[in-house]
Amino acid sequence: MYEGTEQIDGIWYEYDNDIAIVSQNIDEDLKDKYIKIPEKIKDSDGYSHRVTKIENGAFFGCEKLEAIEISDSVEEIENNAFSGCVNLKLVKLPNKLTKIERCLFFECTNLQTLVIPDSVKSIGDDAFWCCENLTDLILPESLEKLGENVFGFCEKLTSLFIPASVTEINSKALTHRSSFESLEVDGENVNYFSDGNCVIEKSTNKLVAGCKNSVIPHYVTEIGDYAFSMISGLEYVNLPQSVVRIGREAFSKCYSLQEVYIPSSVTQIGENAFEKCNFGKVTLNCDFARKPEGWADNLGVKRNCFVWKGKRGLFARLKSLFK
């Protein structure tokens, strides 16, 4: 048995026989703003160890770090490994990585572009949260799952192409101040498709994600939970007669949203569906004389936000916009 912890070229490692992992580092210990994780390290006694993992929070808050290259021997990078690396701009990920873990690049505010290897099958919750300068990201053909709030507050990421391999998209995957202008799904995807800058589930025609430029197709049956939550720049929504349900927090915190047309087909609306829309001043033009029983008691808006059938005003004007 040969075990130890040692700092090599300014980076801390733990090793056990022939295997090594990158352990906790602090900003003061880093010798350079550019670092490379090698395939193998040699300890002070001359023994070699193959580097296979970067542990949880290994470089958490290392503000000095601007670029990192990780050798292909690394097969796992744990949660929060680069969280708070506010000056990190360039990352070369290993080709054997199968998962982008939760909060991996959380608040890496200067990260601009990233190539995700073709080996990656899932992207965890909050993986790119508040990467506010991220402008270019290509999802690999190997990807199967998108977690919660993956692109939250990525305000410069304006387009997203979802590959054919994706089988699961979390209901909050594309929410939280995302600034997408274009959403597209590969035509070969068997679970989802795109139309009118909307991501739609094939088996149900449920809209699972939208953006500020979405035009909801006439066959959509449901606006999924959180589908438009915290979407920047969304101003008007015209729901087609095919929609029967609006999910929980479907349009919550859409601060630019001014008017919504709700047709007579909508029999169910979930809790807080319109919470804080336009800071509580959104107009809901309803093709009903009164609130239906299937609508939640708390929709997140005050009574004066509703315009019921017969009180045309803005209701008639909004409908005319979509003729």
Strictly distance-based, threshold 3.5 Å: is any side-chain N or O of [X] a donor or acceptor partner for the main-chain N or O of [Y]?
X      : Y      : result
Ser165 : Glu141 : yes
His49  : Asn17  : yes
Lys64  : Leu30  : yes
Ser242 : His218 : yes
Asn278 : Gly280 : no

Mutual orientation of the aromatic rings belonging to Trp295 and Phe288 [parallel < 30°, tilted 30-60°, perpendicular > 60°]: perpendicular

Salt-bridge contact Glu69-Lys92 (side-chain N to carboxylate O under 4.0 Å): no

N-O pairing of Glu275 and Lys253 below 4.0 Å: yes

Got a second to check how far Glu75's CD is from Ser119's OG, nearest 0.5 Å? 10.0 Å

According to a hydrophobic-cluster definition based on side-chain heavy atoms being under 4.5 Å apart (Ile, Leu, Val, Met, Phe, Trp, Tyr only), do Leu139 and Trp129 belong together? no

May I ask whether Leu88 and Ile70 are part of the same hydrophobic cluster, defined by side-chain heavy atoms of I, L, V, M, F, W, Y residues being less than 4.5 angstrom apart, directly or through others? yes

Any chance the side chains of Ser229 and Ser252 put a donor and an acceptor closer than 3.5 Å? yes

The residue among Phe128, Phe105, Phe60 that forms ring-ring contact (aromatic ring centres under 6.0 Å, His included) with Phe82 is Phe105

Using side chain to side chain contact (heavy atoms under 4.5 Å, CB included) as the criterion, point out the one residue from Val91, Leu143, Leu97, Leu137 that pairs with Ile116. Leu137

With respect to Asp225, which candidate in Lys206, Lys172, Arg248, Arg245 satisfies the salt bridge (charged side-chain N to carboxylate O under 4.0 Å, His left out) definition? Arg245

